[in-house]
S.K.: 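Dropping the structure in here first, questions after.
Just so it is clear, the model here is predicted, and its values are computed rather than measured. Numbers restart at 1 for each chain; the letters A, B, ... are given by sequence-line order, proteins then strands. Computation of the quantities below employed the complete heavy-atom set of this structure, encompassing side-chain atoms and omitting hydrogens, waters and symmetry-equivalent molecules.
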Protein chains: 2
Amino acid sequence: MAERADARRNHDLIVSVAAEAFAEHGVDTSLRDIARRAGVGIGTLYRHFPTREALVEALLRQRFDRLRARAEELADQPPAEALARWLTDVATGSATYRGLPESVLAALRDETSELHGSCVAMRAAGAELLARAQEEGLVAAGVTPEEVLALAAGLAWAGDRSGIAVERLLALALDGLTPRRR
Amino acid sequence: MAERADARRNHDLIVSVAAEAFAEHGVDTSLRDIARRAGVGIGTLYRHFPTREALVEALLRQRFDRLRARAEELADQPPAEALARWLTDVATGSATYRGLPESVLAALRDETSELHGSCVAMRAAGAELLARAQEEGLVAAGVTPEEVLALAAGLAWAGDRSGIAVERLLALALDGLTPRRR
DNA sequence: GAACATACGGAGCACTGCTCCGCTTGTCAA
DNA sequence: TTGACAAGCGGAGCAGTGCTCCGTATGTTC
């Protein structure tokens with residue numbers, strides 16, 4: 001028996017309402033509230049998304065895919081600029097929903113997560129940019145993609161909490177707070 | 001009428017149990033649980049600390065005071081090292097309780113907070129270190145104390161979530177990810 | 001030892017995440 | 001068209017949360 005039409009309709013409805021609610025109140029929004037706003041029962045919401053993470057994942061996957069695509073777009077630009085631009089996109093994009101940076105780091109670590117795959121693909125694309133910058137000596141050799149992503153996520157988090165622009169914090173970290181003695 | 005002995009006893013008991021519980025499960029630990037572990041009723045806990053923030057504040061104030069003192073200790077060291085050491089202390093100290101970096105940034109912003117005073121004092125002491133580093137051209141002129149603190153808090157947060165050492169992330173930010181073209 | 005302000009404890013309210021299950025409803029074969 | 005039935009729906013219900021309120025107990029003072 002094929003997928004029922006009402007099920008698909010509800011699925012999409014919940015996703016779109018959740019996107020709105022998350023953007024408005026962060027990823028900790030009450031799921032009951034989302035169900036209410038979508039006009040479905042709480043049971044229906046849980047049928048489609050057994051955990052809150054599952055719902056976040058549905059919204060996060062496309063974000064990861066977009067960031068991967070973005071990294072590939074930037075491949076033909078000068079390494080330093082490409083890396084800086086990409087990290088800015090990562091950080092500012094993470095500020096869409098309050099609580100999202102946490103999900104990003106969680107998805108990277110949790111290998112059983114549905115998201116892990118697309119998250120790893122994104123990281124790999126970013127790693128490419130990082131490697132190119134390192135080849136040209138623009139970034140220290142020992143720096144790993146994980147470190148760079150953690151840095152970006154942390155600054156996205158801090159920007160949200162402090163009211164300081166994420167771009168500013170990222171610029172400080174990229175240029176180095178303390179200029180090199182020369 | 002003087003303060004009752006049982007009240008003072010309970011107050012101190014709750015604080016010490018809370019410190020333990022926060023260190024173990026983060027600042028979002030159930031307050032009912034803390035009351036239970038302290039052997040007092042939930043009402044008693046709320047009588048002493050009307051909000052969760054009040055309880056966090058009681059634990060945070062001494063931390064701020066210590067960081068202020070630490071900044072003053074470091075005053076006679078070379079500016080760059082002094083700033084780096086102090087920020088390391090800020091960041092690693094923030095990792096004591098999960099959720100603490102958030103409280104730090106919140107206390108800085110919320111001027112009505114009980115904590116605001118000691119938090120501002122700490123910031124001022126840190127600002128001194130920053131200013132000295134800037135005078136010697138070791139840090140770019142436009143960088144503000146708020147930005148530096150937000151950076152440290154964000155990296156403390158990211159370190160906790162990513163499993164990467166806070167010191168490592170801070171070192172990346174201080175040295176600059178992208179070495180200067182010269 | 002009496003009087004009384006002060007502090008205590010927990011029942012209770014409105015909320016949360018999540019489960020479970022009786023009742024609909026969409027779908028497809030007859 | 002109609003019947004059968006899997007699939008999906010909705011919400012009552014459970015255990016937990018933060019927080020309030022108030023009758024009861026207790027430390028303190030005269």
S.K.: Is B/His48 touching bases, backbone alone, or none of the nucleic acid, heavy atoms closer than 4.0 Å?
M.R.: sugar-phosphate

S.K.: Can a side chain N or O of B/Asn10 be found less than 4.0 Å away from OP1 or OP2 on C/dC8?
M.R.: yes

S.K.: Is a donor on one side and an acceptor on the other found under 3.5 Å between the side chain of B/Thr44 and the backbone of B/Val40?
M.R.: no

S.K.: Does the B/Glu147 side chain pair with the main chain of B/Thr144, one donor and one acceptor, at a distance under 3.5 Å?
M.R.: yes

S.K.: Go through the structure and list residues passing salt bridge (charged side-chain N to carboxylate O under 4.0 Å, His left out) with B/Glu73, not counting sequence neighbours.
M.R.: B/Arg70

S.K.: Counting only heavy atoms and a strict 4.0 angstrom limit, can you tell me which residues of residues 17-27 of chain B come near DNA chain C?
M.R.: none

S.K.: Would you say the side-chain atoms of B/Trp157 pair up with the backbone N or O of A/Glu102, donor to acceptor, closer than 3.5 Å?
M.R.: no

S.K.: Side chains of B/His116 and B/Asp110: closer than 4.5 Å at any heavy-atom pair?
M.R.: no

S.K.: Collect all protein-nucleotide pairs involving nucleotides 13-15 of chain C in which both atoms are nitrogen or oxygen and the distance is under 3.5 Å.
M.R.:
none

S.K.: Whole Å only: how far is the CD1 atom of B/Ile34 from the P atom of D/dT17?
M.R.: 11 Å

S.K.: Please determine whether any donor N or O and acceptor N or O are separated by less than 3.5 Å between the side chain of B/Arg4 and the base of C/dA7.
M.R.: no

S.K.: How many Å lie between OH on B/Tyr46 and P on D/dT17, as a whole number?
M.R.: 10 Å

S.K.: Side chain of B/Asp6: nearest nucleotide among C/dA7, D/dT28, D/dC19?
M.R.: C/dA7

S.K.: Whole-Å distance between D/dT26 C1' and B/Arg47 CZ?
M.R.: 13 Å

S.K.: Students often mix this up, so state it plainly: with edges at 30° and 60°, are the rings of B/His11 and B/Phe49 parallel, tilted or perpendicular?
M.R.: tilted

S.K.: Hydrogens and angles aside, do A/Arg63 and A/Thr96 bring a side-chain donor and acceptor to less than 3.5 Å of each other?
M.R.: yes

S.K.: Distance only, no hydrogens: is a donor on one side chain within 3.5 Å (strictly under) of an acceptor on the other, for A/Arg36 and A/Ser30?
M.R.: no

S.K.: Round to a whole Å and report the spacing from CZ of A/Arg8 to C1' of D/dA7.
M.R.: 15 Å

S.K.: Specify the residue among B/Arg9 and B/Asp33 whose closest nucleotide of DNA chain D lies further upstream toward the 5′ end.
M.R.: B/Asp33

S.K.: On the nucleotide D/dG10, are OP1 or OP2 found under 4.0 Å from the side-chain N or O atoms that A/Thr44 carries?
M.R.: yes

S.K.: Given atom CG of B/Leu45 and atom P of C/dA11, what is their separation to the nearest angstrom?
M.R.: 17 Å

S.K.: Find which nucleotide of DNA chain C each of B/Ile42 and A/Leu31 is nearest to by heavy atoms, and output the residue with the more 5' nucleotide.
M.R.: B/Ile42

S.K.: From C/dT16, D/dG18, D/dT17, pick the nucleotide closest to the side chain of B/Arg36?
M.R.: D/dT17

S.K.: Are the side chain of B/Gln134 and the backbone of B/Ala141 linked by a donor-acceptor contact shorter than 3.5 Å?
M.R.: yes

S.K.: Over how many whole Å does the gap from A/Phe49 atom CZ to C/dT19 atom P extend?
M.R.: 15 Å

S.K.: Given 3.5 Å as the limit, does a donor-acceptor pair link the side chain of A/Arg37 with the main chain of A/Val17, or not?
M.R.: no

S.K.: Could you tell me how far apart B/His11 (NE2) and C/dC8 (C1') are, to the nearest whole angstrom?
M.R.: 16 Å

